[in-house]
Every structure is written in structure tokens, then in C-alpha cells.
Amino acid sequence: MSVRVRFAPSPTGSLHVGNARTALFNWLFARKHGGGLILRIEDTDRERSRPEWEAAILEDLRWLGLHWDEGPDVGGDAGPYRQSERLEAYQAAVDRLMGEGKAYFCFCSPEALEAQRQDRLARGLPPRYDGRCRSLPAEEVRQRRGAGEASAVRFVMPRERITVHDHVKGEIRFLGSDLDDFVLLRADGSPSYNLAAALDDCRMGITLVIRGDDHLANTPRQMALARALGWEPPQFAHLPLIHGSDGAPLSKRHGAVSVAEHRAAGILPEGLVNYLALLGWSPPAGRDEVMDLPTLSGLFTLDRVSRSPAKFDPERLAWFNRQHLRRLPTGQLLAFMEPADDLTERAARLLHKEVDSLVALKRAIAEIRSEPELESLDLPATAESALLQLRGALVVQGRLESEEDAQRILAHAARDLAPDGRRVLMRAARLALIGKPDGPPVATLLWILGAERAKQRVENALKGCVAP
RNA sequence: GACCCCGUCGUCUAGCCUGGCCAAGGACGCGACCCUUUCAAGGUCGAGAUCGCGGGUUCGAAUCCCGCCGGGGUCACCA
């Protein structure tokens with residue numbers, strides 16, 4: 001049987017880095033085994049699901065370079081791929097279970113359930129549903145339903161032992177008797193997560209479910225449900241969660257947690273993917289850690305997935321991003337930059353190896369482009385003569401068509417200066433050209449700015465010298 | 001509270017299954033130095049982990065066994 005895995009986000013927000021990593025591992029596994037990746041939208045929560053979020057998630061996945069073989073946008077034989085469009089299937093399954101005595105109506109109101117929960121908690125008992133509606137007489141059930149009383153449908157949890165053969169955690173045993181009769185159908189007729197997920201995984205022919213650790217405790221419920229429906233559940237692999245720096249699950253207060261935020265911060269998809277792949281998975285010993293998607297998929301195996309949670313480290317992500325930024329061909333780099341003029345091209349070509357992100361590069365270019373403010377230049381007393389020499393060199397050595405020309409102009413300006421004098425010249429020049437003492441080498445700046453602009457800025461700075 | 005998972009440098013991890021090659025290797029970060037007209041980048045070197053703790057098995061344990069502690073997940077008519 002060929003491999004089929006799935007990524008099943010719920011469209012209640014934009015794509016989180018944790019979910020992005022789950023999607024990545026699924027993609028990697030599918031690619032590695034020549035199998036299919038199915039994208040399924042878990043939109044059974046009518047309150048919180050929004051089409052905009054679905055679109056955003058799809059866009060983020062594409063941006064990361066993770067393509068799927070079947071999904072709501074591309075279709076496929078196992079569709080529809082939105083759970084909101086599969087309601088009849090859930091209803092039919094529940095009817096069958098009902099007919100076989102494996103499910104029952106529950107009339108407990110949310111308030112009553114909450115009270116029951118609190119009560120059990122207070123008595124030191126596990127806060128699970130006690131199954132009180134399971135033994136309601138058939139006649140009473142008929143009457144109350146007939147009277148229009150709201151009811152949910154619950155699954156009769158078998159009291160058997162359930163063993164999960166997890167591909168990353170190993171063998172994990174649960175007792176059905178520790179689990180309660182969970183809800184299959186809500187009072188409004190919509191399916192619960194456990195019903196929808198378990199049924200779809202079986203009906204869509206998923207062979208292996210790769211998902212976050214937070215679903216591990218749901219697994220025995222879903223397996224029991226699949227079996228009650230007469231199907232063999234898929235295999236499972238549970239990925240450790242990603243935490244924030246304080247060990248708590250990653251959330252907004254840890255900074256950028258969504259893919260979109262990282263993209264906006266100038267992170268490249270290659271950088272994010274590389275970093276995420278190494279959060280919880282490690283390549284075979286001795287491998288260079290900087291890798292692209294094809295390399296990653298060639299190397300990926302579940303037995304090298306870590307079992308313990310990892311902390312998200314923005315510094316390490318920044319480093320991986322820089323590695324990919326350095327390797328990015330100038331043509332691709334320029335596609336992100338604007339305006340598309342000579343200055344941008346020269347600057348991008350020269351500076352992209354020094355920055356961590358696209359926004360840092362954009363900022364660096366913008367800083368060079370913007371005219372320094374005369375008042376804030378703060379030129380030292382010795383600056384004037386230095387700048388005069390630089391202006392002279394710019395005039396005498398007029399040609400500025402390469403970095404070498406810039407080098408020559410500088411050499412000319414500094415030709416009879418001692419090291420200290422050179423230092424003063426360079427500092428004054430950088431101040432005059434970009435308004436701050438730090439930044440790229442002066443020769444680089446000259447070449448990026450071009451002869452005209454450079455001359456003009458030096459002259460402006462000179463004006464500032466005579467009228468302090 | 002019950003059930004389940006996890007616990008190696010500050011961080012990501014290798015090693016654990018198949019004990020000795022590990023007085024624990026790599027990467028990020030950090031420090032120093034080199035390069036250098038500045039800041040970065042880059043290069044070199046370095047500091048950094050009694051392998052959560054305590055027992056046990058063994059000639060020998062990060063690796064096997066038991067207990068404990070700590071963190072996390074689930075126990076929703078959320079997913």
C-alpha cells in the first residue's frame with residue numbers, strides 16, 4: 001500500500017510555526033516515500049472557522065514550498081476535503097453506531113456537565129463524563145427527543161486495552177476504562193473533532209498520521225472509534241511540541257509565532273524550513289545542517305525524530321536564515337527589493353551577505369539611499385580638510401563605474417595621510433555619505449551611491465562645516 | 001487529581017535500541033584573537049553538560065532495571 005499522509009489544520013487563525021513544522025514533516029515523509037500528502041481543512045467549529053484563515057494557511061504552506069497532492073483547492077478522489085462538506089458521512093457513521101448500540105443520546109446541558117466536572121474535581125476524581133445518559137430507558141429518550149429537548153450523541157467507550165504503536169514514541173498502552181464516553185455529535189448536529197478526524201483518516205486512506213504530541217491522548221479514542229466502525233485505524237507518529245524560551249507552549253507572548261509574521265520580518269522560506277526541520281529532527285551524523293527541501297526530504301526518517309519538546313530559538317533561526325540569504329542568487333534577491341534601480345541592485349549584491357533578513361537588507365539599502373541630515377552629522381573639526389580631499393579625488397578621478405574605481409578614488413584622497421588621518425577621513429566620509437559612523441566600507445558606499453550622489457553628499461556635508 | 005509523554009552544554013541536538021571506541025561529539029549563542037577605515041560578515045581558538053536526582057545490575061552505565069523529582073499533554077457539545 002502506498003504512503004498517504006495528511007496535514008489537517010483548522011482555519012481558526014494563521015499558520016503557527018508548530019503546525020508549519022507538522023506540515024513540513026508530513027511533506028518530507030510523503031516525498032521521501034513517494035507517497036501523497038493530503039490537505040484537509042478541519043472546520044467543524046462553525047464559530048471560529050473562517051474562509052480567510054483557510055486561504056491564509058494555504059498561502060503560507062505554498063510560500064514554504066510545501067505542496068499537497070489532494071486538498072480543497074485541487075480536489076482528489078477522497079474529497080471533499082473540508083469537514084464542513086462531509087457532514088452526511090459523519091451523520092451516517094453515527095446512525096450506524098447508534099443502531100449497533102455503540103452510541104447514545106446525552107441530554108446533559110453544558111452547564112450540568114460543567115457542574116459535574118467541578119464536583120468530580122473537588123472530590124479528587126478525574127473530571128470525565130460519568131456516562132449517566134447511557135442507561136436512559138429507550139422510551140424516555142424517545143419522549144425527550146420528541147419534546148424537542150437538545151441532545152448530543154456520545155460514543156460508548158469500550159473498556160478494553162488500546163495499544164498505540166507510535167513511530168516516534170514507541171509502544172504506548174491506554175485503558176479504555178480511563179477514558180470517558182466522548183461526544184460524537186454536538187446538539188446542533190455538527191461532528192466533534194474526534195469523530196471527524198478518526199472517520200476522515202480512515203475514509204481518506206491515510207496510512208500514517210503525523211501530528212503534534214498534544215493529540216497523543218486522543219489517539220486511543222480515535223482508534224476505538226475507527227474499530228467500532230469496522231475499520232483498521234491508521235498508524236501514528238506524534239511529534240514533540242515546540243515551546244517558548246520559558247518552557248511553556250509557544251504563544252503570542254514569545255514573539256513571532258506565525259509563519260506570516262516571520263515572512264513579514266524578512267525570513268526566507270528556505271531559512272524557516274531549514275530551522276524548523278532541525279527542531280525535533282536531526283540529520284545523520286556528520287551532515288551539514290544547512291539544507292534545502294530536496295536534501296531534507298532525501299534524508300528524512302521518523303526514527304531520527306526527537307521525543308522531547310524543543311524551545312523555539314529566534315537567534316538560531318536568524319543564523320539559518322542568513323545562511324540561505326547568502327546563498328540566494330542575486331536575481332531572486334532583487335525580486336524582493338524596491339525600487340528596482342541601479343542603487344538597489346548594487347547595494348543588494350554587496351550587502352546581502354552581512355544581514356540576517358530581507359527586511360534588514362531593505363533597511364540597510366534605505367539608509368544608504370536617504371539623504372543624511374546636515375544638522376545631525378556631528379562632524380569633527382578635522383573633517384573639513386578630509387572631505388575636501390575626498391571631493392578633490394572624486395573630481396580628479398571622475399570615473400566611478402566599479403568598486404575598483406571607488407577604491408582608487410579613496411586611495412587618491414588618502415594618498416599622503418598617516419593611518420590616523422586615514423581613519424579620520426574614512427569616518428568623515430561615512431558620516432557625509434550616510435550620516436552615521438558605522439556601516440559598509442566607504443569604497444562600497446561610493447560605488448553603491450554613484451559618482452553624482454556621492455559628490456553631492458560630500459558637498460552638502462562641507463556646507464555644514466563652514467556654518468556650524 | 002487520573003491517564004499519558006518527556007528530562008544530555010544557556011539553546012537545538014548526536015550518542016541510548018545493539019553497555020566499554022564518550023573523562024560526552026556537532027550546531028546556534030557567548031568570549032578572545034585574526035582580518036579591517038567603522039559596524040557587521042568571515043576565519044581561528046576557547047569557555048560551556050558531575051548525561052534531572054537516588055538506588056540497583058555489571059569488571060564497566062548517558063546507555064539496562066527500579067524509585068523519586070521536575071516539565072508538558074489530555075481529561076471541552078475547541079481542534
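The basis for the numbers below is simple: all heavy atoms, side chains too, and nothing from hydrogens, waters or symmetry mates. The chains referred to below are lettered A, B, ... by the order of the sequence lines, with proteins before strands, and numbering in each begins at 1.
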OP1 or OP2 of B:A76 under 4.0 Å from side-chain N/O of A:Arg117: yes

Touch class at under 4.0 angstrom, heavy-atom based, for A:Thr44 against every strand present: sugar-phosphate

Derivation of the side-chain hydrogen bond (donor to acceptor under 3.5 Å, both in side chains) call for A:Arg369 and A:Thr344: CA-CA 9 Å; A:Arg369 185 184 298 278; A:Thr344 297; 2.7 Å; yes

Euclidean distance for C1', B:A49 against B:C12 (whole angstrom): 14 Å

Rounded distance in Å between the C1' positions of B:U38 and B:U44: 22 Å

B:C51 versus B:G25 - spacing of their C1' atoms, nearest Å: 13 Å

Touch class at under 4.0 angstrom, heavy-atom based, for A:Phe312 against every strand present: nothing

Base paired to B:C22 (Watson-Crick or G-U; both N/O distances under 3.5 angstrom): none

Rounded distance in Å - CH2 (A:Trp319) to P (B:G26): 14 Å

Touch class at under 4.0 angstrom, heavy-atom based, for A:Arg211 against every strand present: nothing

Separation of the P atoms in B:G54 and B:A14, to the nearest angstrom: 24 Å

Sugar-phosphate only, base, or nothing, as touched by A:Gly170 at under 4.0 Å among non-hydrogen atoms: nothing

Closest listed nucleotide, where the reference is the side chain of A:Asp45 and the choices are B:C78, B:C28, B:U37: B:C78

Distance below 4.0 Å between A:Arg186 side-chain N/O and B:C78 OP1 or OP2: yes

Test item: side-chain donor near acceptor, A:Gln222 and A:Asn194, under 3.5 Å: yes

Length of the line joining A:Leu250:CG and B:G73:C1', which is rounded to integer Å: 15 Å

Under-3.5 Å donor-acceptor pair between A:Arg423 side chain and B:U38 base: no

Toward the 5' end of RNA chain B, by each residue's nearest nucleotide, A:Gly124 or A:Phe174: A:Gly124

Proximity to the side chain of A:Arg154 - top-ranked nucleotide from B:C12, B:C77, B:U38: B:C77

Counter-base of B:G1, judged by Watson-Crick or G-U geometry with both distances under 3.5 Å: B:C75

Test of ring centre spacing under 6.0 Å for A:Trp281 and A:Phe300: yes

Who pairs with B:U38 - Watson-Crick or G-U, where each distance is under 3.5 Å: none

Distance, rounded to the nearest Å, where A:His238 contributes NE2 and B:C5 contributes C1': 11 Å

Nearest listed nucleotide, side chain of A:Ala217, among B:U74, B:A14, B:C77: B:U74

Distance between C1' atoms of B:G46 and B:U37 (Å, rounded): 29 Å

side-chain contact (heavy atoms from CB on, under 4.5 Å) between A:Leu97 and A:Leu225, worked out: CA-CA 9 Å; A:Leu97 256 15; A:Leu225 178 55; 3.7 Å; yes

Heavy-atom check, side chain of A:Arg6 versus side chain of A:Asp201, under 4.5 Å: yes

Aromatic ring proximity A:His215/A:Tyr193, centre distance under 6.0 Å: yes

Whole-Å C1' distance, B:G67 and B:C21: 32 Å

Any-strand Watson-Crick or G-U partner of B:C64, both distances under 3.5 Å: B:G56

Any side-chain heavy-atom pair of A:Leu136 and A:Phe107 under 4.5 Å: yes

A:Arg144 and A:Glu140 ion-paired at < 4.0 Å: yes

Closest to the A:Arg128 side chain, choosing from B:A76, B:C28, B:C5: B:A76

For B:U44, the Watson-Crick or wobble partner whose two distances fall under 3.5 Å: B:A32

Sugar-phosphate, base or nothing in reach of A:Ala187, heavy atoms under 4.0 Å: base

Sugar-phosphate, base or nothing in reach of A:Pro220, heavy atoms under 4.0 Å: nothing

N/O (side chain, A:Ser282) to phosphate O (OP1/OP2, B:A14) under 4.0 Å: yes

Side chain A:Asn218 and base B:A79 donor-acceptor under 3.5 Å: yes

Short side-chain N/O contact to B:C6 OP1/OP2 from A:Arg307, under 4.0 Å: yes

Donor-acceptor pair (no angle test) under 3.5 Å: A:Arg322 side chain, B:A41 base: no

Donor-acceptor contact below 3.5 Å, side chain A:Arg346 vs main chain A:Ile448: yes

Ring centers of A:His262, A:Phe312 separated by less than 6.0 Å: yes

Distance, C1' atom - from B:C78 to B:U18, rounded to whole angstrom: 44 Å

N or O in side chain of A:Lys311 less than 4.0 angstrom from B:U11 OP1/OP2: yes

Selection from B:C4, B:G42, B:C77 that lies nearest to any side-chain heavy atom of A:Leu216: B:C4

Nearest-nucleotide 5' precedence on RNA chain B, A:Val168 against A:Asp178: A:Asp178

Touch class at under 4.0 angstrom, heavy-atom based, for A:Arg123 against every strand present: nothing

Separation of the C1' atoms in B:C28 and B:C69, to the nearest angstrom: 30 Å

Touch class at under 4.0 angstrom, heavy-atom based, for A:Pro309 against every strand present: sugar-phosphate

Phosphate OP1/OP2 of B:C5: any A:Arg173 side-chain N/O under 4.0 Å: no

Sugar-phosphate only, base, or nothing, as touched by A:Leu113 at under 4.0 Å among non-hydrogen atoms: base

Touch class at under 4.0 angstrom, heavy-atom based, for A:Glu289 against every strand present: base

Sugar-phosphate only, base, or nothing, as touched by A:Arg221 at under 4.0 Å among non-hydrogen atoms: sugar-phosphate

d(CZ, A:Arg120; C1', B:A2) in whole Å: 10 Å

Sugar-phosphate, base or nothing in reach of A:His243, heavy atoms under 4.0 Å: sugar-phosphate

Sugar-phosphate only, base, or nothing, as touched by A:Arg427 at under 4.0 Å among non-hydrogen atoms: nothing

Interatomic distance, A:Met291 CE vs B:G26 C1' [rounded to whole Å]: 13 Å

Pair assignment for B:C69, Watson-Crick or G-U wobble, requiring both distances under 3.5 Å: B:G7

Between B:U13 (C1') and A:Trp281 (CH2): distance, integer Å: 12 Å

Euclidean distance, atom NE2 of residue A:His324 to atom P of B:C28 [Å, nearest integer]: 13 Å

Nearest-Å distance for atom pair CG/P, residues A:Asp43 and B:C78: 14 Å

